[in-house]
Each structure stands twice: as structure tokens, then as C-alpha cells.
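Chain naming here is simple, since letters A, B, ... match the order of the sequence lines and numbering starts at 1 in each.
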2 protein chains.
Amino acid sequence: MLLHLEFESNIPIYKQISNQIVVGIAKGDLVEGEELPSVRQMASDIGINMHTVNKAYGILKQAGWVTIHRKKGVLVSTNLKAQEDYLFLGALRDLLEVSIAEAFLRGIKKCEFTKLIEEKYNEFEGGIS
Amino acid sequence: MLLHLEFESNIPIYKQISNQIVVGIAKGDLVEGEELPSVRQMASDIGINMHTVNKAYGILKQAGWVTIHRKKGVLVSTNLKAQEDYLFLGALRDLLEVSIAEAFLRGIKKCEFTKLIEEKYNEFEGGIS
DNA sequence: CATCTGTTATATATATAGTATAACAGATAA
DNA sequence: TTATCTGTTATACTATATATATAACAGATG
């Protein structure tokens with residue numbers, strides 16, 4: 001899977017990496033058990049420091065998006081750390097509040113917003129159907 | 001309008017301030033033309049530095065959420081800087097992609113996600129009805 | 001005149017992000 | 001065994017972001 005990094009972005013590189021891997025899993029570009037490049041390999045490919053990749057992998061490992069074996073290397077996983085739905089949705093609500101407020105005040109209709117959500121969901125659901 | 005700041009949050013204070021003011025406008029707690037406290041006053045009330053508030057106001061001014069008059073002070077505005085809907089929605093799409101991917105992989109159903117959006121929209125629409 | 005306003009400038013302290021170099025222990029292959 | 005690769009950890013450095021502190025300026029107000 002190709003990573004598209006923007007080095008002038010205000011989003012940290014390690015966050016861009018971990019984000020795109022999670023999205024890659026949702027899209028089906030990365031499948032359970034698939035091996036990811038080593039920290040040194042990916043760092044070399046991208047042209048960044050090893051520790052930046054290591055931080056991204058550490059975040060993914062922490063959340064359960066990858067498992068790391070001495071033998072097999074870094075493997076894609078969907079064995080997520082348990083988190084109650086209401087906690088996840090609560091955090092999501094907080095995250096979305098400002099964006100929804102801005103959209104509302106800009107005259108974006110409710111259905112336009114939800115349509116955007118549904119389209120992205122379909123991108124993911126299409127990957128496993 | 002009361003601000004609820006979390007000083008241990010990873011979200012900068014100035015961002016928490018500007019976010020909550022935008023949400024306050026959407027909820028109808030702040031209305032067009034309403035005067036906001038001066039940078040020194042708000043800083044004093046909250047117990048933070050003047051420049052932190054000034055940075056928040058600067059962001060709001062930049063986007064068009066407030067206008068600043070020598071005479072009248074800092075006024076709530078909804079005279080937003082022109083931005084094409086497709087640009088706003090494109091940025092929104094990027095912002096939501098990871099959250100939607102996570103929700104999808106956690107088994108949150110599409111309708112649960114959109115329901116969350118609709119509920120927040122209703123909070124805002126209720127404020128002006 | 002005194003006071004308040006937004007704004008700007010400068011300085012400092014701390015945290016974060018990214019890089020650089022090095023080392024360790026486990027696994028792998030020659 | 002030797003050599004190489006793995007994730008991991010440690011240390012150090014630079015750059016940037018965040019927040020604070022102090023000061024000053026020009027416009028407006030009473």
C-alpha cells in the first residue's frame with residue numbers, strides 16, 4: 001500500500017502514517033495478517049527517520065491495529081483493544097461538534113453532511129462485499 | 001457564555017476557546033452583533049495570558065466569526081469569509097475519513113454514525129427555530 | 001488626562017516533532 | 001559461528017508550537 005505524506009501539513013508525519021494504515025484496513029487495501037514493512041524499511045522508502053515510523057507503529061500497536069511478533073514481524077490486525085461503543089461515540093461526538101457547527105452555519109444541509117458520511121462508509125463496505 | 005477549558009487537554013487553549021465560540025454561535029448562545037469580552041477581560045476571567053485569548057480572537061477574526069471595531073469592540077459575526085462548499089466539504093471529508101474508518105472497523109453501523117450527526121444538527125437548528 | 005481597546009514586539013519556559021547515532025536481544029540465513 | 005535483520009530503548013540535538021510575561025503603541029471613551 002502506498003502512503004501519501006504531506007511534509008508541510010500540520011498533521012505530524014507519524015499520525016499521517018498511522019491514519020492511512022487504519023483507512024487502508026477499512027478500505028480492504030490491507031488485510032488481517034498482512035505483513036507491514038519494517039520500521040527501517042518504511043523509513044528508508046519514505047525518506048524519513050526510523051523513529052518516526054516506530055512511533056506510528058507504536059500507536060497502531062497500542063490501539064490493536066497491528067500485532068508485532070519476533071518471528072513474523074508487524075502484522076495487520078483487527079483485534080482492537082476493547083472500548084465500549086458509548087465511549088467511542090462520545091469521543092466522536094466531541095470531535096465532530098465544531099465541524100458540524102461550522103457546516104451548519106455555512107448553510108450545509110444536514111442531508112449533505114450525512115450523505116458524505118454514507119459515501120465514505122460505502123467505500124469501506126464495498127471493500128469487503 | 002461560559003467557557004469550559006481543559007488545561008490538561010492536548011487541544012491548545014486558544015483552539016478550545018475559538019471552537020467553543022463557534023459552537024456557541026451555532027447553538028444560538030451567541031448572536032450576531034453580540035459583544036465578546038476584551039482579550040484582557042477574558043484572560044483575567046479564565047486566569048490565562050492575554051495573548052492566548054488574542055490568538056483565539058485572531059483565528060475567529062481570520063475566518064469571519066467575529067469582527068473587530070475600534071469603537072464597538074469584538075462582535076460576533078456570521079459574515080464568513082467566502083469559501084466554496086466543495087472546498088469546505090472536501091476538507092471535511094479528509095477530516096472525517098479516519099474517524100469513519102475506525103467506526104466502521106469497530107462495527108458502528110452507518111445509521112448510528114449519521115444519527116449522531118443528525119442529533120447535533122438538531123441541537124443547532126433548535127437554537128434558531 | 002486617565003483608562004480601556006486591539007495590536008505588536010520581545011523574551012522565556014516547556015512540550016512536541018523529527019532527526020541522528022548507538023546499543024540490545026531475539027530471530028534468520030549463510 | 002558469523003552476519004544480518006528485527007523491534008525496542010536510550011541519549012542528544014534542532015526546530016517548532018504553546019503559553020506566559022512585560023512592554024509599548026495608537027485609537028476610542030469618559
Side-chain angles (χ1 to χ4, degrees), chain A residues 3-22 30 33-77 79 81 95 98, chain B residues 3-22 30 33-77 79 81 95 98:
Chain A
L3 294 179
H4 304 281
L5 300 183
E6 298 177 9
F7 295 95
E8 298 83 14
S9 169
N10 58 330
I11 303 174
I13 299 175
Y14 72 86
K15 196 70 187 168
Q16 293 185 46
I17 294 175
S18 60
N19 280 350
Q20 288 180 32
I21 288 177
V22 172
L30 297 173
E34 185 168 348
E35 188 173 354
L36 293 178
S38 72
V39 290
R40 290 175 176 84
Q41 184 63 50
M42 175 177 285
S44 171
D45 291 346
I46 300 176
I48 61 175
N49 192 272
M50 176 197 65
H51 293 98
T52 306
V53 179
N54 194 44
K55 187 165 186 177
Y57 278 10
I59 289 176
L60 293 169
K61 177 186 174 186
Q62 177 71 22
W65 299 113
V66 302
T67 57
I68 297 174
H69 292 81
R70 245 334 151 182
K71 292 187 174 184
K72 307 174 188 172
V74 181
L75 305 184
V76 172
S77 170
N79 219 346
K81 295 289 162 60
L95 187 71
V98 184
Chain B
L3 294 179
H4 304 282
L5 300 184
E6 299 177 9
F7 295 96
E8 298 83 12
S9 169
N10 58 330
I11 302 173
I13 300 175
Y14 71 86
K15 195 69 186 169
Q16 294 185 44
I17 294 175
S18 59
N19 279 350
Q20 289 180 32
I21 288 178
V22 172
L30 296 173
E34 185 168 348
E35 188 172 354
L36 294 178
S38 73
V39 289
R40 289 176 176 83
Q41 185 61 51
M42 176 177 285
S44 171
D45 291 346
I46 301 177
I48 61 175
N49 192 272
M50 175 198 66
H51 294 98
T52 305
V53 179
N54 195 45
K55 186 165 186 175
Y57 278 10
I59 290 176
L60 293 169
K61 175 187 175 187
Q62 177 71 23
W65 299 111
V66 302
T67 57
I68 297 175
H69 291 81
R70 246 335 152 182
K71 292 188 175 186
K72 307 174 188 172
V74 180
L75 304 184
V76 172
S77 169
N79 219 347
K81 294 292 162 60
L95 186 72
V98 184

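Atoms CD (Gln41(A)) and C1' (dT8(D)) sit 18 Å apart, rounded to a whole Å. The CG-P distance, from Asn54(A) to dT21(C), rounds to 17 Å in whole Å. Nucleotide dT28(C) holds its C1' atom 11 Å from the NZ atom of Lys71(A), rounded to whole Å. With rounding to whole Å, Leu36(B) atom CG is found 13 Å from dT5(C) atom P. Atom pair Leu5(B):CG and dA19(D):C1' shows a separation of 13 Å (rounding to whole Å applied). Between the P atom of dG6(C) and the CD1 atom of Ile59(B) lies a distance of 16 Å, rounded to the nearest Å. Atom CG in Asn10(A) sits about 9 Å away from atom P in dT18(D), given to the nearest Å. Taking atom CD1 of residue Ile46(A) and atom P of nucleotide dG18(C), one finds them 12 Å apart after rounding to whole Å.
When the shell of 6.0 Å around NZ of Lys71(B) is examined, it contains 12 or fewer heavy atoms from other residues, nucleotides or ligands.
Each of dT20(D), dT7(C), dG7(D) was ranked by its minimum atom distance to the side chain of Lys61(B); first place goes to dT7(C). Nearest nucleotide to the side chain of Pro12(B), out of dA28(D), dG7(D), dA19(D): dA19(D). In this structure, of dG26(C), dT18(D), dG18(C), it is dT18(D) that holds the atom nearest to the side chain of Tyr14(B).
Comparing Arg40(B) and Lys55(B) along DNA chain D, the residue whose closest nucleotide (by nearest heavy atom) sits nearer the 5' end is Lys55(B). Comparing Ile13(A) and Met50(A) by the nucleotide of DNA chain C whose heavy atom lies nearest to each, the residue mapping closer to the 5' end is Ile13(A).
Looking at heavy-atom distances under 4.0 Å, Lys72(A) makes no contact with the nucleic acid at all.
Taken to the nearest 0.5 Å, the CD1 atom of Ile68(B) stands 9.0 Å off from the CG atom of Leu75(B). Once rounded to the nearest 0.5 Å, the distance linking CD of Gln16(A) with NE2 of His4(A) reads 11.5 Å.
Counting atom types as modelled, His51(B) pairs a side-chain N or O with a base atom of dA9(C) as donor and acceptor under 3.5 Å.
Close to dG7(D), at under 4.0 Å from its OP1 or OP2, lies no side-chain N or O of Tyr57(A). In terms of phosphate contacts, Thr52(B) brings no side-chain nitrogen or oxygen within less than 4.0 Å of OP1 or OP2 of dA19(D).
Contact of the Asn49(B) side chain with the Asn54(B) side chain is not registered, since no non-hydrogen atoms from C-beta on lie closer than 4.5 Å. In this structure the side chain of Ile48(B) reaches within 4.5 angstrom of the side chain of Ile17(B), judged on heavy atoms.
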